[in-house]
Amino acid sequence: MHEFRYKRNDLYCENVKIRDLAEKFGTPLYVYSYTTLIGHFLKLKSAFQAVNPLICYSVKANSNLAILRALVDKGAGLDIVSGGELFRAKKAGCPAERIVYASVGKTAYEIEEAIKSGILFFNVESFPELKNIQHIARRLKKRVKVALRINPDVEPKTHKYITTGKLTNKFGIDFESARRIILLTRGFSHVEISGLHIHIGSQITTGEPFAAAITKIIGFIRGLKREGIVIEYLNIGGGLGIVYDREMPQTADKFAARILPLLKKSGLKIIMEPGRFIVGNAGILVTRVLYVKNTPKKKFIIVDGGMNDLIRPALYEAYHQVLPVIKGFGREAEAEKADVVGPICESGDFFAKDRVLPLVEEGDCLAVMGAGAYGFSMASNYNSRRRPQEIMVNKDKAFVIRKRESYGDLVHNESIPREFK
Ligand code: PLP
């Protein structure tokens, strides 16, 4: 469910016409709906009310400060994976005790900054990392809480690039090694293993893989208890899927119905790290048609947005619905198959392939739907393109939450050595 709808022939975000935003701010342009964003967060919160989880929104999905602040204001914590995300979390005003920090490759500098900030805990992904945290915490004279990220070896049935809970993936620690590490770490002076963490993948559309992983990990925690080791927190990660195409992902309520009984019975403090579920359908990318090109084999609709703005189709062959910002008066009937492609010098630069689309003309705007998660946050300056502007709509107001980059921004940190002149 989201707040992007046609009223008559115009696509709206809440009460604002997308065509007006495109005129005013130019394209390509990200547009987010505040109501959708907060609505998704609150749906999850209420579905899991029985265990009162700390919902740490996954910053990597969309790290704009306004989005972080909006969620933090509603009680969200944040799941971070880098020093940069810690910086953003603090800038957005997130209390440190609501921040959890994952990543297989935390640097010493990043670990130190996070310890000094007093985050709730690190999600630790290897024994060498744990030793490093102990070493740094001792130097800083701080005792830190950590959760071990377990790789439960379950199949989440999603794209291979967003599968993270199989033993062939680089993430987490297998059960047997985790048990050995937990026993060994009992002697660590500055690190306390107070939680276990799983994150099995992204865009998972059924509760089954979650239930399988949670069942495994709760069994493991019971085993530890028999050895006198008490675990306080269970972080079940993110990964909830959303509708992009014809998939039928579970609603928050259905997801809760499947896994709440397991969580309740465990008696553990629960943490969740959803990203896509909260922000995915809360954003679209608006792009303008530059040219329509017919070749002997294909029709190409060439638009001003590219894979640097939204890389998901190029990276995962991900499907995004593409809709006209203004429905053509009767032109829908003349729909034709076309590829919607960007201006970048790569054949992977596309938003849609062989898609039946209404006839569009130069200057028309298209909306690439479901672009709120892993859209702007994965955007780059490839081809020296300026990253797009971001707008947040709340009812009938539109706020610029990030300006379009300037050409100056592109070269801001570069310098030409004197001797080259
Ligand atoms: N937690 C961790 C550790 C992740 O790596 C990710 C995504 O990669 C997430 C949470 C968020 O996943 P999603 O956006 O699918 O909810």
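All residue numbers refer to positions in the sequence shown, counting from 1. Read the numbers this way: they start at 1 and go in the same order the structure lists the ligands and their atoms.
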| said: Quick check on the 6.0 Å ring-centre criterion: do F399 and Y34 meet it? | reply: no

| message | Taking the six-membered ring of Y319 as reference, does the cationic atom of R355 (NZ for Lys, CZ for Arg) lie under 6.0 Å from its centre and within 45° of its axis? | response | yes

| request: Tell me yes or no: between the side chains of S103 and E125, is some donor less than 3.5 Å from an acceptor? | output: no

| task | Please work out whether any backbone atom (N, CA, C, O) or any side-chain heavy atom from C-beta onward of Y374 is under 4.0 Å from ligand 1, and answer side chain, backbone, both or neither. | result | side chain

| For ligand 1, is G237 a contact, meaning one of its heavy atoms is under 4.0 Å away? | no

| query | Where does A61 meet ligand 1, judged by heavy-atom distances below 4.0 Å: at the side chain, the backbone, both, or neither? | reply | neither

| query | Do any pairs count as a ring pair (Phe, Tyr, Trp, His ring centres under 6.0 Å) and have a residue in residues 237-286, sequence neighbours left out, and if so which ones? | reply | H40-F277, F48-F255, F210-F255, Y244-H320

| field | Element-labelled atoms of ligand 1 that are located less than 4.0 Å from some non-hydrogen atom of R149 | value | 3 (C)

| message | Taking only non-hydrogen atoms of P274, do any sit less than 4.0 angstrom from ligand 1? | response | yes

| task | Would you kindly say whether E14 and T35 are connected by a side-chain donor-acceptor distance under 3.5 Å? | result | yes

| Can you check side-chain contact (heavy atoms from CB on, under 4.5 Å) on V322 and I301, steps first, answer last? | CA-CA 12 Å; V322 177; I301 298 171; over 6 Å; no

| note | Any heavy atom of H199 under 4.0 Å from ligand 1? The part involved is side chain

| When you measure from atom 10 (C) of ligand 1 to every protein heavy atom, which one gives the shortest distance, and what is it? | E273 O, 3.2 Å

| query | Just which atoms of ligand 1 are under 4.0 Å from any heavy atom in G238? | reply | 10 (C), 16 (O)

| said: Need the ligand 1 atom indices (1-based, order shown) with element for anything under 4.0 Å from a heavy-atom of G275. | reply: 13 (P), 14 (O), 16 (O)

| task | List the closest protein heavy-atom neighbour of atom 4 (C) of ligand 1: residue, atom name, distance to the nearest 0.1 Å. | result | K60 NZ, 3.1 Å

| said: Strictly distance-based, threshold 3.5 Å: is any side-chain N or O of N64 a donor or acceptor partner for the main-chain N or O of I401? | reply: yes

Side-chain atoms of residues 76-90: list all donor-acceptor pairs with protein atoms under 3.5 Å, sequence neighbours left out, distances to 0.1 Å.
{"unit_1": "D79", "atom_1": "OD2", "unit_2": "S58", "atom_2": "OG", "d": "2.6"}
{"unit_1": "D79", "atom_1": "OD2", "unit_2": "K60", "atom_2": "NZ", "d": "3.4"}
{"unit_1": "S82", "atom_1": "OG", "unit_2": "G84", "atom_2": "N", "d": "3.3"}
{"unit_1": "S82", "atom_1": "OG", "unit_2": "E85", "atom_2": "N", "d": "3.0"}
{"unit_1": "E85", "atom_1": "OE1", "unit_2": "V81", "atom_2": "N", "d": "2.8"}
{"unit_1": "E85", "atom_1": "OE2", "unit_2": "K60", "atom_2": "N", "d": "3.3"}
{"unit_1": "R88", "atom_1": "NH1", "unit_2": "S63", "atom_2": "O", "d": "2.9"}
{"unit_1": "K90", "atom_1": "NZ", "unit_2": "S117", "atom_2": "OG", "d": "2.9"}

| request: Report, in ascending order of atom number, the atoms of ligand 1 lying under 4.0 Å from any heavy atom of R276. | output: 13 (P), 14 (O), 16 (O)

| remark: CG of L234 to CD1 of I214, rounded to nearest 0.5 Å, is 6.5 Å

| What part of D79, side chain from CB on, backbone N/CA/C/O, both or neither, has a heavy atom under 4.0 Å from ligand 1? | side chain

| message | For atom 15 (O) of ligand 1, what's the nearest protein heavy-atom neighbour? Residue, atom name and distance, please. | response | S202 OG, 2.3 Å

